[in-house]
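Let me begin by presenting the structure, written as structure tokens, before commenting on it.
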Amino acid sequence: MTKKLFIKTYGCQMNAYDSARMADLLAPLGYGATETAEGADMVILNTCHIREKAVEKVYSELGRIAKAKRGKPDMLVAVAGCVAQAEGAEIVARAKAVDLVVGPQSYHRLPEMIARHARAGGHVLETDFPALEKFDALPQAVSDTGVSAFLTVQEGCDKFCTFCVVPYTRGAEQSRSPESILAEARALGARGARELVLLGQNVNAYRGTDEHGRDWSLARLIGTIAEIPSIWRIRYTTSHPRDMGDDLIAAHGDIEKLMPFLHLPVQSGSDSVLAAMNRQHTADDYLRLIDRLRAARPDLAFSSDFIVGFPGESDADFEATMDLVRRVEFAQCFSFKYSPRPGTPAAAAKKQIGEAVKDQRLQALQKLLLSQQDAANERAIGKVLPVLFEKSGRGKHQVIGRSPYLHPVHAEGGAGLIGQIHNVRIQARTANSLKGALLESLPA
Ligand code: 5AD
Ligand code: SF4
């Protein structure tokens with residue numbers, strides 16, 4: 001490798017996947033990964049537009065990169081991801097150091113954009129939504145992968161929640177063909193991945209068509225990936241409650257490799273807020289769905305996303321959210337203050353909630369969610385859990401992995417354990433993780 005490539009990734013797991021694929025794509029051009037922008041020949045910021053601060057962070061990072069570029073004027077600077085899609089030419093107007101702007105559906109065109117820039121100079125922008133062209137154009141070879149690897153199966157969203165930019169930045173729902181996903185799953189397994197996390201903005205809305213014209217649901221896809229011997233664990237994220245099909249619910253009981261942890265965003269526990277958000281489900285629909293999932297797999301651990309301070313949210317609405325949380329008992333959650341996003345319907349709503357109220361509600365919700373997370377971690381103490389080890393820990397002779405329930409687990413042991421599943425007796429917990437002692441090996 002002769003040229004240094006620095007990629008900084010913001011936002012969701014799909015961006016992490018996209019960053020890895022961009023690195024794969026640029027490797028044949030001689031680019032190899034480096035850890036800092038200073039001295040890099042190319043810098044890519046793979047950006048997120050989901051909440052306000054994310055955009056501001058990108059612009060301040062671009063300020064720092066502009067300084068690094070002063071010492072290395074031929075450094076190529078690219079902005080990729082959802083801010084690139086949403087802001088387009090605005091970025092080059094605001095940040096002069098930027099050479100390339102590429103949306104999440106067009107990054108397979110990066111080599112061609114680099115060539116165009118080399119020929120003609122100036123800015124090169126690509127923010128089209130060419131349907132699934134990206135997945136056909138990306139290289140088949142998968143670069144070095146971790147023990148747990150992301151695999152995008154679906155992209156985009158047709159739900160149009162009134163707070164969300166995703167349908168505008170990632171485009172309409174599209175599913176990759178089962179054949180191309182299975183080929184990538186096998187390639188990842190051959191490279192050492194033992195867990196696959198199937199990604200999609202609405203992953204459970206997956207509906208792929210195979211070469212015989214037959215439709216595949218996510219449940220069928222998971223069932224088929226589960227037949228690949230090198231893949232031991234399967235997860236998927238993010239799901240929408242409305243797309244939780246009967247076969248997917250059943251899969252949680254039937255497919256052993258499908259891990260008992262489900263991220264199922266609900267956003268609010270108030271029916272009027274849910275309606276204003278255009279979520280297309282009620283709080284009761286969500287609770288019944290949780291019951292059905294627990295009936296299929298009693299030890300299923302749940303996580304969710306919440307937004308507080310959505311326009312018009314009253315104290316009673318917020319209490320309904322707290323009530324829903326108490327009823328479900330989540331293992332781990334994400335919660336956010338509503339952030340008006342340009343171009344989304346809720347941003348134009350009249351009854352915006354003041355910052356102080358948002359702060360107060362977020363604090364109260366996070367306190368409750370943290371107490372549930374602590375309780376879930378506490379319940380793990382004394383249990384024996386099969387842990388898939390992923391990396392070395394900070395301490396010498398320490399390894400870190402995940403339980404089936406996605407808890408990070410630390411144990412004493414050498415790097416030779418990485419990529420293996422071992423039983424661990426859980427002894428203690430810290431704020432976000434568990435500590436335990438290794439027991440006997442499990443057969444793969
Ligand atoms: N403001 C606050 N949170 C948001 N999310 C999405 N859009 C917004 C917004 N405008 C949250 C939702 C979603 C998660 C990925 O980010 O909870 O599930
Ligand atoms: Fe956003 Fe998820 Fe709603 Fe799609 S389903 S609009 S990604 S919150």
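The residues of the chain are indexed from 1 along the displayed sequence. Just so you know, ligand 1 is whichever comes first in the structure, and atom 1 is the first atom listed for that ligand.
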Would you sort out whether Glu155 and Gln105 count as a side-chain hydrogen bond (donor to acceptor under 3.5 Å, both in side chains), showing the intermediate values? CA-CA 9 Å; Glu155 236 181 299; Gln105 304 302 344; 2.9 Å; yes
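The shell of residues lying under 4.0 angstrom from ligand 1, judged by heavy atoms, includes Lys337.
Counting the atoms of ligand 1 from 1 in the order shown, those under 4.0 Å from a heavy atom of Arg341 are 10 (N). Against a heavy-atom cut-off of under 4.0 Å, Gln267 is close to the following atoms of ligand 1: 12 (C), 13 (C), 17 (O), 18 (O).
Taken from CD in Gln280 to SG in Cys161, the straight-line distance is 7.5 Å, to the nearest 0.5 Å. Atoms CG and OG1, on Leu262 and Thr237 in that order, are 8.0 Å from each other to the nearest 0.5 Å.
One option in Ser339, Gly11, Ser335 has a heavy atom closer to atom 9 (C) of ligand 1 than any other, and that option is Ser339. When Thr238, Val165, Ile307, Val166 are ranked by how near their heavy atoms come to atom 3 (N) of ligand 1, first place goes to Ile307.
The aromatic rings of His281 and His240 sit perpendicular, their planes meeting at an angle over 60°, well past the 30° parallel limit. Ring-plane geometry between Phe334 and Phe336 is classed as parallel, the angle between the planes falling under 30 degrees on a 0 to 90 degree scale with a further cut at 60.
At a threshold of 4.5 Å between non-hydrogen side-chain atoms, the residues Glu87 and Val79 do not count as touching.
Ligand 1 has a nitrogen or oxygen under 3.5 angstrom from a nitrogen or oxygen of Arg51. Considering both main-chain and side-chain atoms, Phe163 comes within under 3.5 Å of ligand 1 through a nitrogen or oxygen pair. In terms of N/O distances under 3.5 Å, ligand 1 is not approached by Tyr338.
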